[in-house]
Undergrad: 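First the structure, then my questions, so here it is.
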Protein chains: 2
Amino acid sequence: MPDLTAVRLARAYLLRVAEPPAPAVADFVTRRGPLEAAKAIRAGECSGRVRDETEARRDLDLAQRDLDEGERLGMRLLIPEDDDWPGWPLLSLELAASRGVQGVAPPLALWVRGSARFDDATAQAVAIVGSRAATGYGEHVAGDFANSLARQGVPVFSGAAYGIDGAAHRGALAARGTTVALLGCGLDAGYPAGHVVLLDKIAETGGLVVSEYPPGTPPARHRFLVRNRLIAALSEGTVVVEAGRRSGARNTATTAGALGKVVMAVPGPVTSAMSIGCHELLRDAGATLVASVEDVIETVGRLGTPRPERVRSQRPTDVLGPDALRVHDALHRREGKSAEQIAAESGVPVTRVRGLLPALELDDLAVRCDSGWRGKAGR
Amino acid sequence: MPDLTAVRLARAYLLRVAEPPAPAVADFVTRRGPLEAAKAIRAGECSGRVRDETEARRDLDLAQRDLDEGERLGMRLLIPEDDDWPGWPLLSLELAASRGVQGVAPPLALWVRGSARFDDATAQAVAIVGSRAATGYGEHVAGDFANSLARQGVPVFSGAAYGIDGAAHRGALAARGTTVALLGCGLDAGYPAGHVVLLDKIAETGGLVVSEYPPGTPPARHRFLVRNRLIAALSEGTVVVEAGRRSGARNTATTAGALGKVVMAVPGPVTSAMSIGCHELLRDAGATLVASVEDVIETVGRLGTPRPERVRSQRPTDVLGPDALRVHDALHRREGKSAEQIAAESGVPVTRVRGLLPALELDDLAVRCDSGWRGKAGR
């Protein structure tokens, strides 16, 4: 049984030294164990890609300061040695990396705010992501989907950005459900500025705010892209609600696909620039169209039950065969007609007309009268 | 060489006697020829399914009257023996019928208004269909697609109903293109009442109004369904613009699929009941998503040219590798930084930082200054 405090310290050091994703370091840590790996890197006793990934910052040993600072700020460093480490969903990253997918090395540890167990929060989670420059339609759908998923106990993951991400987090919060925000900067970065209160609320009400970046790390474009692999890996499937032609949400979707996760997209008006990315995902990238939260649940297979029979309003005439439909169409509501007349108007042989009329009567679609038969609309 | 006048008369008789689709009669006519088939049916010298399909109306010989009446009303009866009969696209019906698809027997003849050659009007046509209870969005898209297709010389087929159909015909007319309306009633039925002027305009400006129903045949629900197979067969592909959960447009799409034609659907807001049918076609029935008229043309393969490269606006940083992006992100616009500082902030080894900075300078993304390097947005 390793000393968890020492291991946590070693991983805090590694997390600051190696800018994620650091495939060689991740591999090195797996082979040597975090204590030995940290020691070797600190001493410069490593070579090749491990050296490349650590050379720039290996002298930057802020591990104890980071852990102290994290504690002061209400964060903890979750490490693979902890029993609520989400090892199962993160395995998708290791598998993809071993298949040669680039940029998907698993995280060395994760900074976390919030008291929920991480493994519970990732149980069959769904990610809802999309454009920052969302439309009212997109924010409505994101909030609505997140709310319904949360009500059904599905954790909702997103990236805390303005637009779709924020709407998803808020929708889940409104249902008092679990929502998890994955950031591309330190948890204390106060970014995005307009979502500081939202992130506090997530952490305080059973959700989690998570990042692999140490306290003090500023947001940067490359970090959002790197962060996207965690959103993709930690959820069962990713729903893109709105995405322009260029959108980080598409990067998350592409990564989710590369990890073997389900990629879903919400369609929108073809006249909206904010749906172009979704339509391209549906048309060219094999994403599954989801038009409702039932579609999402069915697609990720959460309930493990067969698809519920969709409610279809039926007209009484829907069950009629082609000849019966022709006979029914030839009937008049007020005026009676003879079987011969009906045969001539419908083109159905009179013998068959004579057989069909009583059947229609049983279905309440025809009624006998003095002058022959009249039509009815049915029940 | 058969006497075309006699053949036309025989087919006019058959068209009124056998309510379409009449698979046994179609087959009987193919085997015996129209003259002999009409003679046998008139005399009651037929049996089995041919008898069933003709028994109710075989005495109803209005052929000469129909032809006279048609001429008076400005219609002609187009028959397979005419040289502009659209035999090639209608072959899809014969093939499907021979594969056992129900309700797709080819027409025995077609009543036509308008002076265009039918075979020209069906050359690589596209059908645009949809709900009668369309929204402004749906009518806008239908009109826009039809207009663009017509401008590019693609004939636009539809069913002359209110809503999407009407918008499609009007869009094509506005581009002075060819549009063809397929009716589920006689060409003189004045149906739908609000589209009488539209149908006149189609027939008078190079388009066609077409029906297999003789003059005087009233509209009926089963006839619209039967008519749908002609819309599906005569076009290369069918675009469903808006369709509710129950919509005749979906029937046309299903038939098009059964005929081996391309089925396309336009997505819309998931909050719109009028897009449910389209989303179901996309999700469950393998329809191709089309968000633009370019998508339609590409899907039906009209131009036979490779898909045009989509215009993607690129940021100068899009071409950077992951390390270069990290270095660029670490640069500041106004404040200079040393290579060591940049290495520590980006996590990229300083030797690599030193190599990347001049490359970024060449790309106009970094600039040397007294205190080291500053960032630039690029060209």
Side-chain angles (χ1 to χ4, degrees), chain A residues 17-20 22 51-57 60 102-103 137 140-141 218 220-223 225-226 245-246 266-271 275-276 278-280 282-283 288-292 295 310 312-315 317-318 322 325-326 328-330 340 343-344 346-353, chain B residues 17-20 22 51-57 60 102-103 137 140-141 220-223 225-226 245-246 266-271 275-276 278-280 282-283 288-292 295 310 312-315 317-318 322 325-326 328-330 340 343-353:
Chain A
V17 166
E19 176 83 22
R51 189 187 181 89
D52 289 347
E53 286 176 11
T54 53
E55 188 199 310
R57 299 191 197 139
L60 201 69
Q102 294 296 304
Y137 163 70
H140 166 79
V141 172
R221 181 160 161 238
H222 72 84
R223 294 196 175 110
L225 296 173
V226 167
R245 188 154 275 164
R246 318 177 26 98
V266 176
V270 299
T271 46
S275 288
I276 290 177
C278 289
H279 295 155
E280 289 186 353
L282 291 167
R283 186 184 150 94
T288 299
L289 186 147
V290 287
S292 66
D295 284 349
R310 305 222 166 197
R312 291 184 194 278
S313 58
Q314 271 211 333
R315 293 183 200 155
T317 49
D318 280 356
L325 188 60
R326 280 157 62 170
H328 183 259
D329 277 346
E340 290 71 20
S346 65
V348 176
V350 68
T351 46
R352 183 140 170 73
V353 170
Chain B
V17 166
E19 177 83 22
R51 190 186 180 88
D52 290 347
E53 287 176 10
T54 53
E55 189 199 308
R57 300 191 196 139
L60 201 69
Q102 293 296 303
Y137 164 68
H140 166 79
V141 172
R221 183 160 160 239
H222 70 86
R223 294 195 176 111
L225 297 173
V226 167
R245 188 153 275 163
R246 319 177 25 96
V266 175
V270 298
T271 46
S275 287
I276 290 177
C278 289
H279 295 154
E280 289 186 353
L282 291 169
R283 188 186 148 93
T288 298
L289 186 148
V290 285
S292 65
D295 284 349
R310 305 222 168 197
R312 289 184 196 277
S313 57
Q314 272 211 334
R315 292 183 202 156
T317 50
D318 282 356
L325 189 59
R326 279 156 64 170
H328 183 258
D329 277 345
E340 290 72 21
E345 284 175 31
S346 65
V348 176
V350 68
T351 47
R352 183 140 172 74
V353 170

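Because the structure is a prediction, the values reported are computed rather than measured. In what follows, every chain begins at residue 1, and chains take the letters A, B, ... in the order their sequences are listed.
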Undergrad: Any side-chain heavy-atom pair from B/His140 and A/Thr271 closer than 4.5 angstrom?
TA: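 A side-chain contact exists here, since the closest heavy-atom pair is under 4.5 Å.
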Undergrad: A/Arg326, A/Glu55, A/Arg223: which one forms the most heavy-atom pairs within less than 4.5 Å of chain B?
TA: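 Option with the top pair count is A/Arg326.
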Undergrad: Taking B/Gly103, B/Ala343, B/Ser346 one by one, which has the highest count of heavy-atom pairs under 4.5 Å against chain A?
TA: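 With the most close heavy-atom pairs to chain A, the winner is B/Ser346.
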Undergrad: Please state whether the side chain, the backbone, both or neither of A/Ile276 comes within less than 4.5 Å of a heavy atom of chain B.
TA: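 Nothing of A/Ile276, per the 4.5 Å heavy-atom cut-off to chain B.
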Undergrad: What part of B/Glu340 is in contact with chain A, defined as an atom under 4.5 angstrom from a non-hydrogen atom: side chain, backbone, both or neither?
TA: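 Neither part.
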Undergrad: Please flag which part of B/Gln102 lies under 4.5 Å from any non-hydrogen atom of chain A: side chain, backbone, both or neither.
TA: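 Neither part, no heavy atoms under 4.5 Å.
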Undergrad: Side chain from CB out, backbone as N, CA, C, O: work out which of these in B/Val348 comes under 4.5 Å of a heavy atom of chain A, or both, or neither.
TA: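 Just its backbone gets close to chain A.
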Undergrad: In terms of heavy-atom proximity below 4.5 Å to chain A, should B/Glu19 be classed as side chain, backbone, both, or neither?
TA: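 Interface part for B/Glu19: both.
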Undergrad: Give a yes or no on whether the backbone of A/His222 and the side-chain of B/Asp329 come within a donor-acceptor separation of less than 3.5 Å.
TA: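 The answer is yes, because a donor-acceptor pair under 3.5 Å joins these two groups.
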Undergrad: If you count heavy-atom pairs under 4.5 Å with chain A, which of B/Thr351, B/Thr288, B/Asp52, B/Val350 comes out on top?
TA: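 Greatest number of close heavy-atom pairs with chain A: B/Asp52.
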Undergrad: Contact part of B/Pro269 toward chain A, heavy-atom cut-off under 4.5 Å: side chain, backbone, both or neither?
TA: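 Answer is both: backbone and side chain atoms of B/Pro269 are under 4.5 Å from chain A.
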Undergrad: With a 4.5 angstrom heavy-atom cut-off, could you sort out which part of B/Val290 is near chain A: side chain, backbone, both or neither?
TA: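 When you check distances to chain A, atoms from both the backbone and side chain of B/Val290 fall under 4.5 Å.
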Undergrad: Less than 4.5 Å to any heavy atom of chain A: does that hold for the side chain of B/Arg57, its backbone, both, or neither?
TA: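 B/Arg57 touches chain A through side-chain heavy atoms alone.
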Undergrad: Checking heavy atoms, do the side chain of B/Ser275, its backbone, both or neither come under 4.5 Å from chain A?
TA: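 Contact with chain A involves no heavy atom of B/Ser275 at all.
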Undergrad: For chain A, which of B/Ala56, B/Ala22, B/Cys278 has the most heavy-atom pairs under 4.5 Å?
TA: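 Heavy-atom pairs under 4.5 Å are most numerous for B/Ala56.
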Undergrad: Output the distance between atom CZ (B/Arg221) and atom CG (A/Leu325), rounded to the nearest 0.5 Å.
TA: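 With rounding to 0.5 Å, CZ (B/Arg221) is 5.5 Å from CG (A/Leu325).
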Undergrad: Nearest 0.5 angstrom please: A/His279 NE2 to B/Asp295 CG, how far?
TA: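 Between A/His279 NE2 and B/Asp295 CG, I get 10.0 Å after rounding to 0.5 Å.
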Undergrad: Rounded to the nearest 0.5 Å, how far does CG of B/Leu282 lie from CZ of A/Arg283?
TA: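 Going from CZ on A/Arg283 over to CG on B/Leu282, the span is 11.0 Å.
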Undergrad: Counting heavy-atom pairs under 4.5 Å with chain B, which one of A/Pro322, A/Gly347, A/Ala220 comes out on top?
TA: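 So the answer, after comparing A/Pro322, A/Gly347, A/Ala220, is A/Gly347.
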